[in-house]
Protein chains: 2
Amino acid sequence: MSPRTTNQVKKIREERIEEIMNSALEVFAENGYLSSSISKVAQHAGISKGLLYNYFKSKDELVKEIIVKGLNSLIKDVKLHENITISEDQFVFFVHRSFKSIQSNLKFWKLYYNLIMQPPVLALIADDIWQYVMPFMNILINYYTKKGVENPEAEARALIAMLDGVGLDYISDPKNFPINEVEKIIIKKFK
Amino acid sequence: MSPRTTNQVKKIREERIEEIMNSALEVFAENGYLSSSISKVAQHAGISKGLLYNYFKSKDELVKEIIVKGLNSLIKDVKLHENITISEDQFVFFVHRSFKSIQSNLKFWKLYYNLIMQPPVLALIADDIWQYVMPFMNILINYYTKKGVENPEAEARALIAMLDGVGLDYISDPKNFPINEVEKIIIKKFK
DNA sequence: TATTTTTGACCGTCCGTTCAGTCGAAAAAA
DNA sequence: TTTTTTCGACTGAACGGACGGTCAAAAATA
């Protein structure tokens with residue numbers, strides 16, 4: 001038998017993994033992924049570099065797990081995963097939740113935009129992101145088709161670009177960006 | 001006296017600087033600034049690393065000059081530098097020119113977005129960017145004020161976010177992004 | 001020849017990753 | 001109860017490689 005029960009070991013591992021991922025998100029978001037060293041992450045988590053590699057097999061895998069976790073939690077938040085057609089109320093709710101997510105997960109989004117703008121790093125997560133964006137696109141195209149707009153696909157791409165732009169500008173200067181007013185304007189223009 | 005006339009020297013220097021900046025833009029845009037080595041840039045320009053340092057005193061200075069040059073040429077393109085109040089036609093022209101710029105200076109914009117998403121690098125160029133964006137903001141706020149919209153500042157920020165988002169999405173996938181259709185939609189919604 | 005351009009080996013630094021070994025908590029043996 | 005054993009969490013020095021930047025010397029040019 002093992003000195004520690006498997007349950008004890010499991011608990012320790014889960015807690016450490018959580019700690020490391022939180023620290024990594026903080027460090028990566030603040031300094032950018034490429035400019036953050038593993039030493040800094042380990043230091044922030046209060047552990048040694050070696051231990052970090054006991055839980056994550058590389059820096060790339062670590063950041064990938066952070067992104068996947070964040071995207072999954074976003075999907076839960078906006079609650080669009082089951083429907084394919086949505087009402088105008090649901091559309092407004094979706095946009096609203098997206099705005100809320102940007103505000104309450106600021107660090108995650110800083111990291112997200114940092115990663116997608118770095119070609120070699122983007123390759124790590126591009127597939128995950130597309131798998132996540134595609135269903136949204138389809139729901140939006142469906143929504144605009146039913147509304148009878150001239151070019152539903154372009155309208156959907158425009159909205160997603162709009163949300164991307166808001167994210168970009170908000171994370172660059174959260175204090176001064178009038179995010180609530182901008183939300184109203186967008187809902188008025190795009191619903 | 002010098003073995004070359006001062007004019008010859010000047011011409012050579014200007015040509016080399018041009019070559020280096022073009023090569024650097026290409027390499028930086030493709031791989032991202034931090035992931036691009038000076039050796040790669042020199043190789044692409046067909047010169048040695050040492051010679052590059054004869055013309056630019058550091059990697060940071062090189063990228064900074066590329067950005068300043070690009071921003072200046074954009075200002076010329078959209079022709080908004082002299083007016084403070086603009087007509088609806090001028091507004092449409094401004095948006096149109098912005099879209100054209102994204103398409104014809106794809107590499108520049110890839111580099112631009114790559115840089116602003118990297119905190120330590122952004123610090124190099126943040127001031128230049130703000131000096132450039134501020135006049136635009138004021139012109140837009142002025143435009144929307146005259147139009148009598150509810151919240152001119154938020155409207156202006158929304159439009160700029162919209163343009164940022166289009167830039168972001170377009171550079172990520174230029175082949176498939178329906179940029180002309182999106183332009184029409186934006187002009188309709190924001191003019 | 002006189003001068004400038006150009007080269008590329010070299011330097012110091014940093015960083016991701018590894019690994020031989022330590023330590024402590026709990027199970028097993030006494 | 002006390003001692004011994006076991007196993008996995010944990011450490012940090014060390015490694016290999018890459019990169020920004022330098023400089024002495026070579027090549028090129030008027």
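Residue numbering restarts at 1 for every chain, and letters A, B, ... go by the order of the sequence lines.
Residues B:L163 and A:I185 do not share a hydrophobic cluster, clusters being chains of Ile/Leu/Val/Met/Phe/Trp/Tyr side chains in contact below 4.5 Å. Residues B:F190 and B:F93 do not share a hydrophobic cluster, clusters being chains of Ile/Leu/Val/Met/Phe/Trp/Tyr side chains in contact below 4.5 Å.
Between A:E155 and B:K189, at least one side-chain N (NZ, or NE/NH1/NH2) sits under 4.0 Å from a carboxylate O, which counts as a salt bridge. Using a 4.0 Å cut-off between charged side-chain N and carboxylate O, B:E181 and B:K184 make no salt bridge.
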Between A:L159 and A:Y144, is a side chain to side chain contact (heavy atoms under 4.5 Å, CB included) present by the stated rule, with each step listed? CA-CA 11 Å; A:L159 175 64; A:Y144 285 122; 3.9 Å; yes
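Judged purely by distance below 3.5 Å, without hydrogens or angles, the side chains of B:N138 and B:Y143 never pair a donor atom with an acceptor atom. Between the side chains of B:Q118 and B:N114, a donor-acceptor pair is found at a separation under 3.5 Å.
A:R16 has a side-chain polar atom (N or O) that falls below the 4.0 Å cut-off from OP1 or OP2 of D:dC10.
With rounding to the nearest 0.5 Å, the separation of CD1 in B:I186 from NZ in B:K191 is 13.5 Å.
Taken residue by residue, residues 112-128 of chain A places no heavy atom nearer than 4.0 Å to DNA chain C. Of the residues in residues 54-70 of chain A, those with a non-hydrogen atom less than 4.0 angstrom from any atom of DNA chain D are A:N54, A:Y55. For the contact set between residues 28-49 of chain B and DNA chain D, defined by any heavy atom under 4.0 Å, the members are B:S36, B:S37, B:I38, B:K49.
Per the geometry, CD1 belonging to B:I17 stands 11 Å off P belonging to C:dT5, to the nearest Å. Between the CG atom of B:L51 and the C1' atom of D:dG21 there is a distance of 14 Å, rounded to whole Å. Rounded to whole Å, atom C1' of C:dT5 lies 14 Å from atom CD of B:E15. The separation between A:Y53 atom OH and D:dA14 atom C1' is 15 Å, rounded to whole Å. Here C:dA25 presents its P atom at 15 Å from NZ of A:K11, a figure rounded to the nearest Å.
Between B:F94 and B:F136, the distance from one ring center to the other falls under 6.0 angstrom.
A:F108 places none of its side-chain heavy atoms less than 4.5 Å from the side chain of A:I102.
The side chain of A:Q8 lies closest to C:dA26, out of D:dC10, D:dT22, C:dA26.
A cation-pi geometry, defined here as NZ or CZ lying under 6.0 Å from the six-membered ring centre and within 45° of its normal, holds between A:K59 and A:Y33.
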